[in-house]
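Beneath this line is the structure, given in structure tokens, with notes to follow.
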Amino acid sequence: MSDGSEQAAPVSTRRLWAGAGGLVVVVGTAYFLLPLEGLGADRPWLGWPLFALCLGLLAALLLRQVRDVVLEKPHTRPGVMIPLLMCLAVLVFSSGYYALAQRPGQFTGLNTRVDALYFTVVTLATVGYGDITPSGQEARLVAVAQILYAFVFLTAAATALSRRLHAVVAARDRRPPPS
């Protein structure tokens, strides 16, 4: 017999996944629709603080997830939150690159938002195809910042997520099979 709590967890998890997926769709759509051009050459005084604020907020949220996994806090959902926060970090860097590309001399080959997204993922994956290159000093600094951000925050988050998944699988293996 079930006391209802077994049903509550899957429903809660489904709602969390649906909410996270909805947020990625909304933010992804905003990425393609918002006037990011205005954050580049015209308003660097707005673009840089907004970029830093978004990255700082995502870093804090990622570190909170890492802490919750390390401390084995109950009711955490790193399997949903960490990938969501990683996707949002990619979109923040893509937005920063696109806004920065509006300034002459910063990038070679980065002309569209898709180019910026592509460059962000290629940099994150450390593939470096070479078709888009940061030419200006600011663009190179942001690329270095992305590499360091990925190395510190995204690696810590991925490690915590992996640790949590190993713990879940180990706990499942120790449970007796359902009768």
Side-chain angles (χ1 to χ4, degrees), residues 20-70 77-165:
L23 183 60
V24 168
V25 168
V26 166
V27 173
T29 302
Y31 169 74
F32 284 101
L33 296 178
L34 288 175
L36 299 174
E37 297 85 359
L39 297 175
D42 297 340
R43 296 185 193 103
W45 53 268
L46 177 62
W48 285 114
L50 186 59
F51 179 71
L53 178 69
C54 289
L55 285 181
L57 178 63
L58 288 172
L61 292 171
L62 281 166
L63 289 176
R64 182 175 179 195
Q65 288 296 311
V66 170
R67 180 202 66 196
D68 290 351
V69 169
V70 169
R77 302 279 189 233
V80 176
M81 295 306 296
I82 289 175
L84 169 66
L85 294 169
M86 289 176 157
C87 288
L88 294 176
V90 166
L91 289 174
V92 168
F93 273 104
S94 295
S95 299
Y97 287 132
Y98 182 71
L100 193 54
Q102 304 309 305
R103 298 183 66 185
Q106 289 300 317
F107 277 97
T108 303
L110 197 155
N111 302 311
T112 68
R113 293 170 199 244
V114 173
D115 290 343
L117 186 59
Y118 163 80
F119 180 75
T120 303
V121 172
V122 166
T123 301
L124 181 64
T126 67
V127 178
Y129 293 125
D131 53 343
I132 298 174
T133 55
S135 307
Q137 296 303 300
E138 288 174 283
R140 290 178 179 182
L141 282 173
V142 174
V144 168
Q146 181 191 349
I147 292 165
L148 293 174
Y149 190 91
F151 182 71
V152 173
F153 298 108
L154 300 185
T155 301
T159 301
L161 179 59
S162 175
R163 179 179 175 172
R164 178 63 175 252
L165 292 175

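Side-chain atoms are counted along with the backbone in the values below, which use heavy atoms only and exclude waters and symmetry mates.
Around atom CZ of Arg67, more than 12 heavy atoms belonging to other residues, nucleotides or ligands sit under 6.0 Å away.
When each of Asp131, Thr112, Leu110 is paired with Tyr118, the side chain to side chain contact (heavy atoms under 4.5 Å, CB included) condition holds for Asp131 and for no other. For the side chain to side chain contact (heavy atoms under 4.5 Å, CB included) with Tyr149, the qualifying choice from Leu124, Thr155, Leu55, Val92 is Leu55, the only one to do so.
Cys87 and Val24 make their closest contact through CB-CG2, 4.4 Å (heavy atoms, listed as atom of the first residue, atom of the second, distance). Contact record, Val122 with Gly128: CG1-N, 3.2 Å, taken as the closest heavy-atom pair. In plain terms, the two heavy atoms of Leu100 and Ala139 that are nearest each other are CD2-CA, 3.3 Å. Of all heavy-atom pairs between Leu36 and Arg113, the closest is CD1-NH1, 3.3 Å. Closest heavy-atom contact between Gln65 and Leu85: CG-CD1, 4.2 Å. For the residue pair Pro134 and Ala143, the shortest heavy atom distance occurs at CG-CB, 4.4 Å.
Separating the CG atom in Leu58 from the CG atom in Leu62 is a distance of 6.5 Å, to the nearest 0.5 Å. Rounded to the nearest 0.5 angstrom, Leu154 CG and Gln146 CD are separated by 8.5 Å. Note: Ser95 OG to Leu34 CG = 8.0 Å, rounded to the nearest 0.5 Å.
Phe93 and Phe119 have their aromatic ring centers separated by at least 6.0 angstrom.
Remark: side-chain polar atoms of Tyr97 are not paired, donor with acceptor, to backbone N or O of Leu117 under 3.5 angstrom.
Below 30°, between 30° and 60°, or above 60°: for Trp48 and Phe51 the angle between ring planes is above 60°, a perpendicular geometry.
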